[in-house]
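These notes are about the structure you will find just below.
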Amino acid sequence: MLTMDDIIREGHPTLRKTAEPVDLPPSQEDQNTLNDMMQFLVHSQDPETAEKYSLRPGVGLAAPQINVSKRMLVMRTTDQNDEIIEYAFFNPKIISHSAETTYLDSGEGCLSVDRNVEGIVPRYARIKIEAYDADGNKVVKRLRGFLSIVFQHELDHLNGIMFYDRIEGDDPYKKPLPPGEIIKVNNDDG
Ligand SMILES: COc1ccccc1NC(=O)N[C@H](C(=O)N(CC(=O)NO)CC1CCCC1)C(C)(C)C
Ligand SMILES: [Zn+2]
């Protein structure tokens, strides 16, 4: 089973690489990896197992975080009806998104980051995604809310992006402008 020891931490070069697409239909090895990743989330959400192995309560994991530079990610969380939602995807991508952005008031953390980083992490409020499920079947879904944020956080890991890369350095708590706001651009020739 995967434990925190299998999760690489910031500073490890794999976290800054762009992960390679997975050949489809997926190999048995890639299917096993995706399953191991989902089981990590299941274990991390079970109080006894999480305590026994000191697992942080995970809602998402991307393959580069276990030093597998492949375009695979898993998510496990509850939706607005408190139903458990599990997504295990190969080659996920955002095919369209809202202009509107959203963010977690409490900011974000990461299984690969052992420190608190303050600040707003702007994310698209609603996204339409395309991916291939554990059996290699194409899926198209629309995500919003926390699910949308988790997906975008995990997709960033496939592109070598950490959540704090998206925090505005000069003003970490700067709230993103709502769409349609006039943004003044100085195109002075200076
Ligand atoms: C069961 O646990 C919960 C229940 C209800 C709300 C939140 C959580 N848990 C989390 O947000 N967990 C975070 C998480 O798994 N991630 C995933 C990650 O690091 N992926 O690479 C960070 C989250 C920040 C925003 C989206 C994912 C950590 C970094 C705090 C472990
Ligand atoms: Zn992360």
Side-chain angles (χ1 to χ4, degrees), residues 1-19 33-34 36-90 92-94 97 101-127 129 131 141 143-168 172-173 175-176:
M1 73 178 267
L2 290 175
T3 68
M4 296 305 295
D5 294 343
D6 299 298
I7 295 181
I8 60 175
R9 308 301 155 88
E10 55 180 332
H12 191 301
T14 303
L15 286 174
R16 288 305 192 177
K17 286 166 67 179
T18 297
T33 301
L34 202 62
D36 289 346
M37 290 166 62
M38 181 60 79
Q39 284 313 305
F40 171 82
L41 297 183
V42 173
H43 294 150
S44 80
Q45 294 178 13
D46 171 68
E48 266 179 53
T49 316
E51 188 189 352
K52 182 174 180 185
Y53 295 97
S54 306
L55 307 178
R56 293 177 72 188
V59 289
L61 186 67
Q65 293 181 276
I66 56 168
N67 205 19
V68 173
S69 196
K70 292 187 177 183
R71 303 189 79 79
M72 307 161 55
L73 64 83
V74 294
M75 300 162 47
R76 186 177 201 262
T77 183
T78 52
D79 66 4
Q80 45 270 42
N81 311 329
D82 230 17
E83 300 278 319
I84 289 197
I85 302 273
E86 290 187 345
Y87 290 146
F89 291 144
F90 292 117
K93 63 182 177 186
I94 293 173
H97 61 79
T101 57
T102 186
Y103 53 86
L104 293 174
D105 268 329
S106 52
E108 297 189 8
C110 182
L111 286 160
S112 295
V113 178
D114 295 327
R115 61 192 172 104
N116 286 324
V117 184
E118 304 273 308
I120 299 284
V121 182
R123 301 285 185 189
Y124 299 128
R126 293 174 301 284
I127 55 177
I129 66 161
K141 286 187 181 304
L143 303 179
R144 63 181 56 213
F146 189 53
L147 271 174
S148 169
I149 290 172
V150 176
F151 181 92
Q152 291 173 75
H153 176 110
E154 305 313 333
L155 185 66
D156 272 354
H157 278 305
L158 304 186
N159 297 320
I161 297 168
M162 302 294 282
F163 73 90
Y164 45 73
D165 299 341
R166 296 185 180 280
I167 297 173
E168 172 69 43
Y173 285 94
K175 301 209 186 306

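Side-chain atoms are counted along with the backbone in the values below, which use heavy atoms only and exclude waters and symmetry mates. No experiment lies behind these values; they were computed from the predicted model shown. Numbering of ligands and ligand atoms starts at 1, following listing order.
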**Request:** Could you please compute the angle at the Zn ion (ligand 2) from NE2 of His153 to SG of Cys110, rounded to 10°?
**Result:** 120°
**Prompt:** Closest N/O/S atom of His157 to the Zn ion (ligand 2), by atom name?
**Reply:** NE2
Distance from [atom] to nearest protein heavy atom, with residue and atom:
| atom | result |
| --- | --- |
| atom 22 (C) of ligand 1 | Gly109 O, 3.4 Å |
| atom 7 (C) of ligand 1 | Phe146 CZ, 4.0 Å |
| atom 21 (O) of ligand 1 | Gln65 OE1, 2.8 Å |
| atom 27 (C) of ligand 1 | Val59 CG2, 3.8 Å |
| atom 19 (O) of ligand 1 | Leu111 N, 2.8 Å |
| atom 20 (N) of ligand 1 | Glu154 OE2, 2.7 Å |
| atom 2 (O) of ligand 1 | Pro57 O, 3.1 Å |
| atom 30 (C) of ligand 1 | Arg56 NH2, 3.9 Å |

**Request:** Measure the distances from the heavy atoms of Gly60 to every atom of ligand 1 and state whether one is below 4.0 angstrom.
**Result:** yes
**Asked** Can you find an N or O of Ser112 that's nearer than 3.5 Å to an N or O of ligand 1?
**Response** no
Closer than 4.0 Å to some heavy atom of [X] - which atoms of ligand 1 meet that?
| X | answer |
| --- | --- |
| Gly58 | 15 (O) |
| Glu108 | 24 (C), 25 (C) |
| His157 | 21 (O) |

**Fill in**
Between Met4 and Ser54, the two heavy atoms sitting closest are CG-O, 3.4 Å
Under 3.5 Å donor-acceptor, [X] side chain and [Y] backbone:
| X | Y | answer |
| --- | --- | --- |
| Thr101 | Pro176 | no |
| Asp165 | Met162 | yes |
| Gln152 | Tyr124 | yes |
| Ser112 | Ile8 | yes |
| Arg76 | Gln39 | no |

**From Val150, Leu55, Thr77 - option closest to atom 26 (C) of ligand 1 by heavy atom** = Val150
**Prompt:** When rounded to the nearest 0.5 angstrom, what is the spacing between CD in Gln65 and CG in Leu158?
**Reply:** 9.0 Å
**Prompt:** If you measure from CG on Asp36 to CD1 on Ile66, what distance do you get to the nearest 0.5 Å?
**Reply:** 7.0 Å
**Message:** Assess, by modelled atom type and distance only, whether the side chains of Tyr103 and Glu108 contain a donor and an acceptor separated by less than 3.5 Å.
**Reply:** no
**Request:** Would you mind telling me which of Val59, Val150, Ile85, Leu61 makes a side-chain contact (heavy atoms from CB on, under 4.5 Å) with Met75?
**Result:** Val150
